[in-house]
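What follows is a short report on a single structure.
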2 protein chains.
Amino acid sequence: MKLGRLNHIGVATPSIADSVAYYREVMGATSITEAFDLPEQGVKVCFVDTPGHDGTAGTQVELIEPLGPDSTLAGFLAKNPLGGQHHVCFEVPDIEAARAHFEGLGKRILGPTRIGAHGTPIFFLHPRDMMGQLTEIMETPKGAH
Amino acid sequence: MKLGRLNHIGVATPSIADSVAYYREVMGATSITEAFDLPEQGVKVCFVDTPGHDGTAGTQVELIEPLGPDSTLAGFLAKNPLGGQHHVCFEVPDIEAARAHFEGLGKRILGPTRIGAHGTPIFFLHPRDMMGQLTEIMETPKGAH
């Protein structure tokens, strides 16, 4: 496997509305997507666009808010009430090949491959097997490059 | 202020050597800089290059290891022995204008503006004022765009 693009960093927040205001007013973001629910993962999400080099799209900040007290994200926020960095997400060209790669290395994969916030297949890897980082692997959206 | 490029994400590690092996062997990184000491910040650092869109350079992963038990990073690792996400770093065109912007918003800046790992001026903002994220602001290296 070859290291792919850092698609986004996942940032937990107790309030997407507050985070959107923060990214606009404090950090100067000008492009933020509408929030939507990902019920399968128990979260509401939206994306803050950041600029890359030479006019390309940069790594996004994915804001994630728990949909309810049963969300796994609620536990993270209990420990980090202000929110904070939650996961990293790298792109791969072929999700099944990537899954086989990590399985072959004995890395624990958290659940089945499913459709993520960008509409392409994703899976998560256990932070204890990934040097402390909850790591999402996503198939690059077609036509993105 | 306008949101700039996500230059890097800072990832704490108890061992840069182990992290470099992990990024090469598990994540498939092919370009990692030599590690060097930043004694002013009490850390040893190196950078994992990730690809951006269209052949551009993407957001880097900055691996940071404490130089000794007195490093502020040692406290982070006491709580997160495997390592983990430590800070985010956004670029700005003018460090002094950015400092004035955040000061004007009442954000706590951690110490003076100093020279960071890329050789340009940087400062850090208190995570409690930045929605839980330790945030580094760095002046874009000249000639980088």
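Just so we're on the same page: letters track the sequence lines, and every chain starts at 1. What you see is a predicted model; the values in this text were computed from it and never measured.
If you take CD1 on A/Ile32 and CD on A/Gln60, they are separated by 11.0 Å, rounding to the nearest 0.5 Å.
B/Val92 does not touch chain A: none of its heavy atoms, backbone or side chain, sits under 4.5 Å away. For B/His101, the part sitting under 4.5 Å from any heavy atom of chain A is the side chain, from C-beta outward, and nothing else. For B/Leu6, the parts lying near chain A are the backbone and the side chain together; criterion is any non-hydrogen pair under 4.5 Å. Proximity to chain B (any heavy atom under 4.5 Å) is shown, for A/Arg128, by both the backbone and the side chain. Residue contact with chain B, scored on non-hydrogen atoms closer than 4.5 Å, involves the side chain of A/Ile9 exclusively.
Under the 4.5 Å side-chain criterion, counting only non-hydrogen atoms from C-beta, B/Leu3 is in contact with A/Val48.
Between chain A and the residues B/Gly84, B/Pro51, B/Gly132, the most heavy-atom pairs under 4.5 angstrom are made by B/Pro51. Of the residues considered (B/Asp129, B/Thr13, B/Asn80, B/Val11), B/Val11 shows the highest number of contacts with chain A, using heavy-atom pairs under 4.5 Å. With chain B as partner, the option from A/Gln133, A/Met1, A/Met131 having the largest number of non-hydrogen pairs under 4.5 angstrom is A/Met131. The candidate with the highest count of non-hydrogen atom pairs below 4.5 Å against chain B, out of A/Asn7, A/Val26, A/Thr50, is A/Val26.
Defined by atom type and a distance below 3.5 Å, a donor-acceptor pair is missing between the side-chain atoms of B/His118 and B/Glu91.
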